[in-house]
Amino acid sequence: MEILGIDVGGSGIKAAVVNSETGELITERHRIPTPKPATPKAITEVIKKMIEHFNWTKAVGCSFPTTIVNGQCIHTGNLSKDWLNVKVNKLFEKETKLPFYISNDADLAGVAEINLGAGKKEKGVIIVITIGTGIGSGLFFNRKLIPNLELGKLLHSNGEIIEFFAADSIRKKEGLSLKEWALRFDELLKYTKIVFSPNLIILGGGISKKYDDFKQYLETDIPIKVAHFKNNAGIIGAAMYVNNQLKK
């Protein structure tokens, strides 16, 4: 089934038409910078542009960068405080006249990786961690998603949430070397091991492309794989999510 998948991120909104059975991108990926401020109205305008770009007339899957319960934002994430309690699916449906299926971005990236990517043959406790503007995470047990795990919202020792300490956006903002940043990220990995005892971590987001350059600085002995679909995982997972929901 060919489905339009949209991945809303803190710096860019990306989309493509996807074969939801194989994960193959049927079209070229299209990217539009995330508006600043990223208010509901501004994001919705970009979503409408994406629909027009692909001349799309069917159901749409969308990966969204915050906690989503029944289509509703229950945390503002890294977009705008105006998103709190917004029914994202209903908002997009009203403006586009198309059905929208929306879930957390890291959860949907995980769906793609667990079913078709780096975690395809793996079992046990698997955590997908996506690192970009913030830190997203998806938790799977024996291939089943346990939704809305938010590792990035754990408190660091200074009392602030840890994504303000170890996200890739912080690396860029503070001009950290890869080693300096990796040592910060390793603190999150060590805590993740204590709390979840994962069998595998799948690392995604833009920084995952540099894994070979910083892996030597990670002391945690959790097995790590780089996401097979890299930055396309959210798009692919969004399309797969639509397919799964329509089958119910």
Side-chain angles (χ1 to χ4, degrees), residues 1-73 77 79-80 82-83 85-117 130 132 136 138 145 147 204 227-248:
M1 184 180 292
E2 295 184 2
I3 298 172
L4 178 63
I6 300 177
D7 184 12
V8 177
S11 59
I13 299 173
K14 307 171 287 290
V17 179
V18 178
N19 181 322
S20 60
E21 300 291 340
T22 66
E24 175 189 3
L25 268 59
I26 305 299
T27 64
E28 290 290 324
R29 189 178 77 166
H30 185 57
R31 183 185 187 277
I32 299 174
T34 302
K36 307 294 182 187
T39 62
K41 181 179 180 181
I43 295 289
T44 302
E45 287 302 313
V46 176
I47 296 296
K48 290 165 65 176
K49 289 178 182 178
M50 283 294 189
I51 299 298
E52 293 168 3
H53 175 83
F54 290 98
N55 193 26
W56 195 252
T57 59
K58 297 179 288 185
V60 182
C62 183
S63 298
F64 207 77
T66 188
T67 308
I68 298 287
V69 177
N70 297 323
Q72 183 176 19
C73 277
L79 295 176
S80 162
D82 294 341
W83 281 103
N85 296 323
V86 170
K87 276 270 191 179
V88 188
N89 57 339
K90 298 301 182 184
L91 173 63
F92 291 169
E93 286 172 0
K94 179 182 177 182
E95 296 298 324
T96 65
K97 312 304 181 190
L98 299 177
F100 266 77
Y101 295 85
I102 296 176
S103 193
N104 174 262
D105 55 350
D107 282 354
L108 294 187
V111 167
E113 291 297 332
I114 290 294
N115 289 282
L116 299 172
T130 58
L145 173 66
H228 174 74
F229 295 114
K230 298 184 171 62
N231 266 348
N232 289 335
I235 295 173
I236 296 166
M240 293 176 67
Y241 182 61
V242 175
N243 199 23
N244 293 340
Q245 293 299 305
L246 292 177
K247 287 179 178 179
K248 289 184 177 181

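With sequence neighbours excluded, the residues that form a side-chain contact (heavy atoms from CB on, under 4.5 Å) with T22 are N19, E24. For the side chain to side chain donor-acceptor pair (under 3.5 Å) test, no residue two or more places apart in sequence or in another chain qualifies with N231. Residues that satisfy the side chain to side chain donor-acceptor pair (under 3.5 Å) test with R31, not counting sequence neighbours, are absent from this structure. By the salt bridge (charged side-chain N to carboxylate O under 4.0 Å, His left out) test, K97 pairs with no residue at all, sequence neighbours left out. Looking at residues two or more places apart in sequence or on another chain, you find no side chain to side chain donor-acceptor pair (under 3.5 Å) involving S103. Contacts of F92 classified as ring-ring contact (aromatic ring centres under 6.0 Å, His included), with partners at least two apart in sequence or in another chain: F100. Scored by the side chain to side chain donor-acceptor pair (under 3.5 Å) test, T67 finds E150 as partners (sequence neighbours excluded).
Screening residues 46-71 for salt bridge (charged side-chain N to carboxylate O under 4.0 Å, His left out), with sequence neighbours left out, gives E45-K48, K48-E95. Among residue pairs with one or both ends in residues 228-248, none qualify as ring pair (Phe, Tyr, Trp, His ring centres under 6.0 Å); sequence neighbours excluded. Sorted by first and then second residue, the ring pair (Phe, Tyr, Trp, His ring centres under 6.0 Å) pairs involving residues 38-62 (not counting sequence neighbours) are H30-H53. For the side-chain hydrogen bond (donor to acceptor under 3.5 Å, both in side chains) condition, no pair includes a residue of residues 35-44, sequence neighbours left out.
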Contacts under 3.5 angstrom, residues 3-18 side chains, donor-acceptor by atom type, not counting sequence neighbours:
none

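Summarising the geometry of S20 relative to A239, their closest heavy-atom pair is CB-O, 3.9 Å, with the distance given to 0.1 Å. Nearest heavy atoms, N70 versus K87: O-NZ, 2.9 Å. For A42 against P35, the heavy-atom pair with the smallest separation is CB-CG, 3.6 Å. Considering every non-hydrogen atom in both A38 and S80, the closest pair reads O-CB, 3.3 Å. The heavy-atom pair separating L116 from E21 by the smallest distance is CD2-O, 3.6 Å. Looking at every heavy atom in both residues, A112 comes nearest to A233 through CB-O, 3.6 Å.
Distance alone, capped at 3.5 Å, places no donor-acceptor pair between the K90 side chain and the G71 backbone. A donor-acceptor pair under 3.5 Å links the side-chain atoms of Q72 to the main chain of N85, judged by distance alone. No donor-acceptor pair closer than 3.5 Å links the side chain of T130 to the backbone N or O of G204. A donor-acceptor contact shorter than 3.5 Å is absent between the side chain of N89 and the backbone of I102.
Side-chain contact between V242 and M1 is absent, with no heavy-atom pair separated by less than 4.5 Å. For the pair L91 and V88, the minimum side-chain heavy-atom distance is 4.5 Å or more. At least one side-chain heavy atom of N115 sits under 4.5 Å from a side-chain heavy atom of M240.
Distance check, rounded to the nearest 0.5 Å: SG of C62 to CG of D105 gives 9.0 Å. Between the CG atom in L79 and the CZ atom in F64 there is a gap of 5.0 Å [rounded to 0.5 Å]. To the nearest 0.5 Å, the span separating CE on M50 from OG1 on T96 amounts to 13.5 Å. Here SG of C73 is found 11.0 Å from CG of D82. Values are rounded to the nearest 0.5 Å.
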